[in-house]
Amino acid sequence: MPHKPASLLDASILVPAIGGSFRKLDPRLMVKNPVMFVTLVGAVLTTVSIFTSQADRGFITQLSVWLWFTVLFANFAEAVAEGRGKAQADSLRKARKDTLARRLKNGQESHVPAPLLEKGDLVVCEAGDVIPADGEVIEGIASVDEAAITGESAPVIRESGGDRSAVTGGTKVISDRIVIRITSEKGNTFLDRMIAMVEGAKRQKTPNEIALTILLSAMTLIFLLVCITLKPFGIYSGVAFSIPVLVALLVCLIPTTIGGLLSAIGISGIDRLIRRNVMATSGRAVEAAGDIDVLLLDKTGTITIGNRMASDFRPANGITEQQLADAGQLASLADETPEGRSIVVLAKDKFNIRGRELAAPHATFVPFTAQTRMSGVDLEGRSIRKGAADSMKSYIEGKGGVYPAEVAKAVEAASRAGRTPLVVAEGSQVLGVVELKDVVKGGIKERFAQLRKMGIKTVMITGDNPMTAAAIAAEAGVDDFMAQATPEDKLKRIRAEQAEGHLVAMTGDGTNDAPALAQADVGVAMNTGTQAAREAGNMVDLDSNPTKLIEIVEIGKQLLMTRGSLTTFSIANDIAKYFAIIPAMLMATFPAIAPLNVMGLASPQSAILSAVIFNALIIIALIPLALKGVAYKPMGAAAVLQRNLLVYGAGGIIIPFIGIKAIDVIVTTLHLA
Amino acid sequence: MQASDWLQFALFLGLLTLITKPMGLYLMQVLDSNGRTWLDPVVRPVEKLTYKILGVDPQREQGWKQYTFSMLAFSLTGALFTYAILRLQHLLPWNPQDLPGLSHHLAFNTAVSFTTNTNWQSYGGEATLSYFSQVVGLTFHNFVSAAVGIGIAAALVRGISDRKTSFPTRSTVDRVFQPGETSSKTRSTVGNFWTDLVRVTYYLLLPVCVALAIFLVSQGMIQNFDAYTHAKTLEGAEQIITQGPMASQVAIKMLGTNGGGFVNANAAHPFENPTPLSNLIQMLSIFAIGSGLTYYLGRMVKNQGHGWAVWAAMMIMFVGGVLVCAHYEAAGNPIHQQLGITNVDRVFQPGHEDQTSSQTHPTGNMEGKEVRFGLFNSSLFATVTTAASCGAVNSMHDSFTPIGGLVPLFMMELGEVVIGGVGAGLYGMLVFVILAVFIAGLMVGRTPEYLGKKIQAKEVKLAMLTLLVLTLSILGFTAWASVSAWGVAGLNNAGPHGFSEMLYAYSSATANNGSAFAGLTANTPWYNTTLGIAMLIGRFLMIVPIMAIAGSLAAKQAVPAGPGTFPVNGATFTILLIGTVLLIGALNFLPALALGPIVEHFLMGQGQLF
């Protein structure tokens, strides 16, 4: 299952990765990573000089072994990252068992292997059938088990028309019968793309990765120049720098740490998304998520719990609150809507009015209809109704009752406060108003405060009127809101934000969200949404949880932070390596420079060897960090910079001094040099 | 360092800090084609006339390619003009000494040297050039090469800053804008080369130089067109005393960070640097424009904190350099001390003749120093002149202690970004700013952006290209010279010191500094030619990528700043910037420095000299 967490030390991933690190030595693959390619060439040159040089064979052999390790360790990092993805791909692939589809052509059913289905074909699926490819339900309604992709065992409803018509190949129909129109091309189903994504088969370098690769390559080129010119400098100075020593210096100076871990960082960023059940269509989208500074969030489901809940009873004059609650509860007992249930719950909470068994002979339920816009119950001569204020008013007046002024006032006050008033009446007497309000999710306000600190503006989108919207916006602590928003309004808003230079993310599920999802820099479609929405966005949330947008942004940021931190660390390491290698290179000719050997390394050979060993081992040591990402806390940019600069910049300067010295002690103790 | 040294240092830093803001504000006006200055009534008509003659519309801004092309065409023409004058100086007026025309390689070297604001002098000043060559052929470049540098810096700053136009233009981002939609769009131009050139020369360099020259004359500097004076010394020997229009030359030599001395001894000569006050003012004028440009940067990008952060990074590296240099010069040469050579500079400093001070302080290194300036003012001047790519000297850097000499060398190898050459220092530093923002910007979890403009593959590529070019030229040419007969033949000193001389020469040429470890005999065809090429590389192969960065950034839309924006002001950024300059810029030269001054230093400790 995609969401199954894999341990960093999972042998089923680590063991194949060892083989992978050797397969990746193929120069055609290595050349894509210039830093490691130069290391590879250096390893080859050093290996050759084991045989060509007369002296120090043992030293050169050890040097070349560690240079090979450096390359292999980098390959290993990439292989582990890919391996973690492959494990997920394998479980996905199981869902893509070749099934026989029941194709419907001119009213005739025929069995066709699923891979042969064409776009536009119609297929029939009944209980027990696996849906052969992505499509849209055009007839019927069915419950579908989507566990194969989402890992969620509860079945979901898929029906023709509306926003829940999309079905995914590999999922299973568990009840009823539906007719599906295939919408995906052969071999390009959602499942196919998901597998490709997880495996990194189609992984292309993201813009930011390209820029970083350029920086690292240019640094490699500069250090290459530094080492090449050292040869003639040595000739002038009377120092014979040997090829292995120059190669050792070069490999230590070029940014092998970040060069070796760069692709692992990228792969694991996508991996982290998948673990949260989000499918990105490209690595670019993950990176863009880090840049987002405006979030358009749908009110319902993201900011508020899906449905409105009863919050207060406002009795009319002469009625107690308890009387109103009692009547409200009776009117709602048979009402299975969340609003109705919430009235029952509130009555119980406030006055301990227990649910009563209402048997059919005594009670007649009046269901809600679009015409009457009210519901209620007739029970033992009592006739209780609840409904929208205006329809209740005409109902009461029609019965010859009086619609009290204070109730009208309470209704208005509730509306102004962003709540939905329901008027409750018994016979022709108005008992009062039950207020329903949106319930803002717990902790969401704090979440928005964190986002604000990170420089991300939140905009709430709602179909509510401006008054209601403003009240909820204030309660939830969003920065801005759009009331009575249509899909066109969303699109306009996104364009306006982008025109000012902002990067915008949004979620959506309906077909009418598709243009906005396509326009947004990060558009997250809900898996329960329509096919159009899923195609328009650049991510799909398999859990269909709109709040996840915030996590997606955090993952994007963490990806970029990890890259930057390890780059800084890698570059900062050079100081210590210079102090290890330069004195060692000159010691033989100019013994006077001994004081420059600040680490007090035992001998020139052990110094060079220790630097190279440190350089190789640090790659292995940092693989977990590359895969997990650096610690992420929602803070302002200035605070984050200070923290990471201290940890990875200052740390990057100090750690190698300690590490190289420690390795030198070991190397000397073992008499390796 | 003694109390008086600290006092002088504090005075210099204090005065520099004071002039930074006014200079920056004045630059705001000079570098704006509609700017206003108090000189307008006098200069405006001349400026307008100049545009008419040049056929330039001062209001029409250029894209980066046009700007660069104009600059290259102008510089090439200027170089050819000077080359012709130097070759033909025997046929031209104002040549009372009847000096002959220059050899082709010396003329090439000298013409390039002055065009590139380097002012490397392979020629021997008063002994080689006629007054006409100095005043017309060289002084012209002293002004315009400085103006070009300032213009390039301004063009880059314009590219960085978020300048909007109010009229609608066709958008390049069709995804965002619908055709015909009006909105404030980013301007993709970077200014007008000809306007910058004319305005900087007319409103900044010329007027300040007039004032500075008058001041220098008041200190005793000469300004005439007389033939050299022949004098008899007390011992009866014949002495030729240089004359000439010195004050006017020296003013622009300092202000424009040119550094080419009127006389061969440069600012160590009593005429060219008559008093302690003239010494102080000359040092200040070297830093004045470069320092003011950081303020200009802050103003233009509407983030004065950023301007000061860049300035602080420069000053911290500068102060560090001065302290190291002064420390090692004061510590002196242990071999001299063992021989009991007395501290000659103390004798000339009133208040320090007492026994205690000369005993408690180790004997400083006074070789190659003018006794009038002493240890500290020589160390300070050496660091100033190399931190800024000036190259004027008031002492002989070749005679510094190894580490004392490493400081000027290191300052140049940083890429002349510590104040740097006028304009060149700022645009060089901004390359490091871009790299710092790129590397550390990732650490805040966003695509790196510099003042709201995204730093992407293109900017990184161009920024790294400038570093690659710098390293290639310095290390490449030094490597070539160090194993060539022509390279080694020019050396006056053997061993690591000889190596330092070559390294210094190519560092100085590439960084467009112009100062020299004087031990090198550079007036040979090979040295003249290779150094000339290094100067061309260091100037134009830096400018072209930097202008491409300016163009690329100018076309970008700025993301509005917020709490998630990468901070480019404050102490953290200053530290980050220093770290980037040292780690990305300077570490490349560590192996070479190890073979030169560092080895020499340790060998000196063991009693071996070169």
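By convention in this document, chain letters (A, B, ...) are assigned in the order of the sequence lines, proteins followed by strands, and residues within each chain are numbered from 1.
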Side chain from CB out, backbone as N, CA, C, O: work out which of these in [X] comes under 4.5 Å of a heavy atom of chain A, or both, or neither.
| X | result |
| --- | --- |
| B/Val483 | side chain |
| B/Thr478 | both |
| B/Gln606 | side chain |
| B/Phe573 | neither |
| B/Leu467 | both |
| B/Ile474 | neither |
| B/Leu435 | side chain |
| B/Lys454 | side chain |
| B/Thr471 | both |

**Message:** Run the side-chain hydrogen bond (donor to acceptor under 3.5 Å, both in side chains) test against A/Glu287 and tell me which residues pass, sequence neighbours left out.
**Reply:**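 Checked A/Glu287 against side-chain hydrogen bond (donor to acceptor under 3.5 Å, both in side chains); matches are A/Thr206, A/Arg563.
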**Prompt:** Which residues from residues 494-501 of chain B are near chain A, with near meaning under 4.5 Å between non-hydrogen atoms?
**Reply:**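 Result: B/Ala494, B/Gly495, B/Gly498, B/Phe499.
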**Message:** So if I take each residue of residues 439-450 of chain B and look for any heavy atom under 4.5 Å from a heavy atom in chain A, which residues do I end up with?
**Reply:** B/Ile439, B/Ala440, B/Leu442, B/Met443, B/Val444, B/Gly445, B/Arg446, B/Thr447, B/Pro448
**Prompt:** Among pairs that include at least one residue of residues 633-653 of chain A, which meet side chain to side chain donor-acceptor pair (under 3.5 Å), considering only residues two or more places apart or in two chains?
**Reply:**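 Pairs touching residues 633-653 of chain A that pass the test: A/Gln642-B/Thr572.
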**Request:** Please lay out, stage by stage, how A/Phe579 and B/Leu590 fare under the test side chain to side chain contact (heavy atoms under 4.5 Å, CB included).
**Result:** CA-CA 10 Å; A/Phe579 272 103; B/Leu590 207 63; 5.6 Å; no
